[in-house]
Structure formats: C-alpha cells, structure tokens
Asks: 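Before we start, here is the structure in question, set down as structure tokens.
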Amino acid sequence: MVSSLVHAGFALVLAAGLLRGSYDRRALAVVLAIVVLPEADSLLGPVMPGAHRTVGHNFVFPAAVALLLYYDTRIREESLLRERVADRGVRVAWVALFVHVFAHLSLDWAHLQGVNVLWPLHDSFFRLEGELLWSSADGLVQTFVDVEVDPETGDRRVDAGSTGTTQSVHVNNPIEPDDPEVLAEAETIDRRFPVAGRGWRLYLLGLGIFTVLARRLQSDPPAESAE
C-alpha cells in the first residue's frame, strides 16, 4: 500500500505550489492532517467489511465538500467560512481539498484494488490501470477503459477497471494485514507499517522533504531602491 508518509510527501509538494502567500506551518499542518485522515477508515475494518479504501477513499464526499465550498465562497453574499478565517483560510481549505483528492485518493486509485469511487452511491471498487499511447500502426490506443461487444447479441460491456465490491475486496493495512478469515486462524499477526515500498514512493517522500526545506531556505529578493 502507499504509505501515509508518501501521501504526505506528495502533499507537501502540492501545498508549496498552491498555498502561495498562505504557506506557513499552520497551513501545512492542516494540509497534512487532511491528507492522512482517509487512512482512519481502516479502523472500521473489524466491524465493516471492505471499509478501508471505501469510507475515506471515495470521490463522492470530496465532490460534496467542493460544492459546499463553492456555494459558500462564490455564490452566497456573505461567506460563513470567510467570516471566520478570512481569505487565507478559504485558500487553505481549497488547497486541502485538492491535496486530499490528488495526493491521496488518486494515488490509491491506481494502486492494488483501487478505491470505492462512488461509495456510498454505488458499491464498486475501481483501479486506474492501463496505458495511453500513439501507435504508427493503430493510431491512438488506450487501455484504461475496456469496451467489449458481444458478437452474437451486440451488447456492449464497458469495464473501467472494476475490481469488486466491499463484500469481495479486502485491501491489507496495519489494522487488518490480511483477510479477516485468515487472521482469525493465524497464530501470530505480522502488522507492517510501510514507509516506501517502491523507488518512486521513496522519491515522492524525499521530494516533499526537499520542497519544505527549500521553501524554508528561500529568501525574498531584495527590494529595488527608488531612484
């Protein structure tokens, strides 16, 4: 699984680019708290099958939050959020939402069994997997969405990477490092807390740390003296 540290590393890179003048320790703390929060759904695993990568790993809740933020900050005459935290807080809220989607959900969407994209509206895990290329022989080729047509009936079947439902999918995590039935019979349970399981994950983690240090060491350019 993609570790929380890797999610955090990617989040730090995005935050450095999006927060702009609102970049400080408090803003980073909010962003990091939001980016690791989805992993809390693993705590529900013992009482809810398939909870991990479902409750905190769907695109329905972020979409609802985005609509509420947009309505409150762009449509309402007086924004409740802006009244409490000013424009800076509004920016931090939007950045935290973007980081949640791109630094956490999207990474997990392309890993293992994916995420339960439309839960609770629809119970189905999807994994983002495939390739997009231009071939001199076949033209534009993509395998992310597979479309099959039954030659006998003409029925069309579209597969966007479905891997199962909460009843059939279990994504290992430190709380439930294996299938619940296997754990019930295991004499010892090996709980592993990953840091970086692949080279690119270690790279993202290191890039996040480097970005924070680089921002801290940067200084504003000297002001031009008026002649």
Side-chain angles (χ1 to χ4, degrees), residues 1-11 13-14 34-46 48-66 97-135 138 140-150 155-183 192-205 207:
M1 60 181 290
V2 180
S3 73
S4 296
L5 291 176
V6 174
H7 288 303
F10 192 15
V13 176
L14 293 179
I34 294 299
V35 83
V36 300
L37 182 61
E39 298 299 345
D41 62 9
S42 61
L43 299 174
L44 299 175
M48 176 184 172
H52 185 47
R53 295 287 185 95
T54 292
V55 178
H57 292 72
N58 60 78
F59 289 90
V60 175
F61 292 160
V65 172
L97 179 61
F98 291 152
V99 166
H100 168 70
V101 172
F102 292 103
H104 198 127
L105 298 187
S106 297
L107 281 184
D108 284 348
W109 183 17
H111 181 249
L112 295 179
Q113 286 84 8
V115 298
N116 208 328
V117 174
L118 297 177
W119 190 89
L121 303 180
H122 179 67
D123 182 13
S124 183
F125 282 79
F126 290 90
R127 176 177 178 176
L128 182 64
E129 183 179 21
E131 61 180 349
L132 178 64
L133 59 90
W134 173 264
S135 167
D138 301 321
L140 185 64
V141 178
Q142 71 82 28
T143 60
F144 291 98
V145 179
D146 184 24
V147 181
E148 296 181 355
V149 178
D150 190 318
D155 293 338
R156 179 172 297 182
R157 177 179 175 273
V158 179
D159 182 9
S162 177
T163 58
T165 68
T166 52
Q167 299 302 316
S168 60
V169 172
H170 172 77
V171 180
N172 294 345
N173 58 83
I175 304 299
E176 292 184 303
D178 208 331
D179 187 272
E181 296 180 358
V182 175
L183 293 177
R192 299 187 178 187
F193 298 83
V195 175
R198 294 288 188 276
W200 65 267
R201 297 174 197 169
L202 183 62
Y203 167 77
L204 280 182
L205 176 58
L207 181 62

Asks: Mind checking the NE2-OG1 spacing from H52 to T166? Nearest 0.5 Å is all I need.
Replies: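 Spacing of NE2 (H52) from OG1 (T166) equals 14.0 Å.
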Asks: Where do H7 and A103 come nearest, in terms of heavy atoms and distance?
Replies: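 Shortest heavy-atom separation between H7 and A103 comes out as ND1-O, 2.7 Å.
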Asks: Please name the pair of heavy atoms, one in D41 and one in G56, separated by the smallest distance, quoted to 0.1 Å.
Replies: OD2-N, 3.0 Å
Asks: Can you list everything that forms a side chain to side chain donor-acceptor pair (under 3.5 Å) with D155? Sequence neighbours excluded, please.
Replies: T153
Asks: Could I get the full list of side chain to side chain contact (heavy atoms under 4.5 Å, CB included) partners for V149, not counting sequence neighbours?
Replies: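 V149: side chain to side chain contact (heavy atoms under 4.5 Å, CB included) contacts with R156.
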Asks: List for me each residue that meets side chain to side chain contact (heavy atoms under 4.5 Å, CB included) alongside L183, sequence neighbours excluded, and say none if there are none.
Replies: E176, P177, D178, I189
Asks: What are the two closest non-hydrogen atoms of P174 and F193, and how far apart are they?
Replies: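 Of all heavy-atom pairs spanning P174 and F193, the closest is CB-CE2, 3.3 Å.
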Asks: Does CD in E181 sit with more than 12 non-hydrogen atoms of other residues, nucleotides or ligands closer than 6.0 Å?
Replies: no
Asks: Please list, chain by chain and in numerical order, all residues satisfying side chain to side chain contact (heavy atoms under 4.5 Å, CB included) with R192, sequence neighbours excluded.
Replies: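 Expected list: D190.
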Asks: List the steps, then state whether side-chain contact (heavy atoms from CB on, under 4.5 Å) holds for S106 with V101.
Replies: CA-CA 6 Å; S106 297; V101 172; 4.3 Å; yes
Asks: Look up atom CD1 in I175 and atom CD in E39, then write down how far apart they are to the nearest 0.5 Å.
Replies: 10.5 Å
Asks: To the nearest 0.5 Å, what is the distance between OG1 (T163) and CG (N116)?
Replies: 8.5 Å
Asks: Given 3.5 Å as the limit, does a donor-acceptor pair link the side chain of R201 with the main chain of V2, or not?
Replies: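 Not at all, since once roles are kept as given, no pair shorter than 3.5 Å links the two residues.
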Asks: Could you report the tightest heavy-atom contact between R127 and L112, atom names first, then the distance?
Replies: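 So the minimum-distance heavy-atom pair works out to CD-O, 2.8 Å.
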Asks: Is it the case that the side chain of D159 and the backbone of R157 share a donor-acceptor pair, with hydrogens and angles ignored and the cut-off at 3.5 Å?
Replies: no
Asks: Rounded at 0.5 Å granularity, tell me how far CG in D123 sits from OG in S168.
Replies: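 Interatomic distance, D123 CG to S168 OG, rounded to 0.5 Å: 8.0 Å.
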Asks: Measure across A8 and V35 and return the closest heavy-atom pair with its distance rounded to 0.1 Å.
Replies: CA-CG1, 4.1 Å
Asks: Can you name the closest pair of heavy atoms from F61 and P120 and give their distance?
Replies: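 Between these two residues, the closest heavy atoms are CE2-CD, 3.9 Å.
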Asks: So, taking the atom named CG in L128 and the one named CG in L105, what distance separates them when rounded to the nearest 0.5 Å?
Replies: 12.5 Å
Asks: For F102, is the CZ atom crowded, meaning more than 12 foreign heavy atoms sit under 6.0 Å from it?
Replies: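 12 or below, so no.
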Asks: What's the spacing between L107 CG and H57 NE2 if we round to 0.5 Å?
Replies: 10.0 Å
Asks: Can you list everything that forms a side chain to side chain contact (heavy atoms under 4.5 Å, CB included) with L5? Sequence neighbours excluded, please.
Replies: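 L5 satisfies side chain to side chain contact (heavy atoms under 4.5 Å, CB included) with S3, V195, L205 only.
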Asks: Only pairs at least two apart or in different chains count here, so list each ring pair (Phe, Tyr, Trp, His ring centres under 6.0 Å) that has a residue in residues 105-128.
Replies: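 Matches after skipping sequence neighbours: F59-W109.
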Asks: Hey, are the side chains of P62 and L97 touching, using non-hydrogen atoms and a 4.5 Å cut-off?
Replies: yes
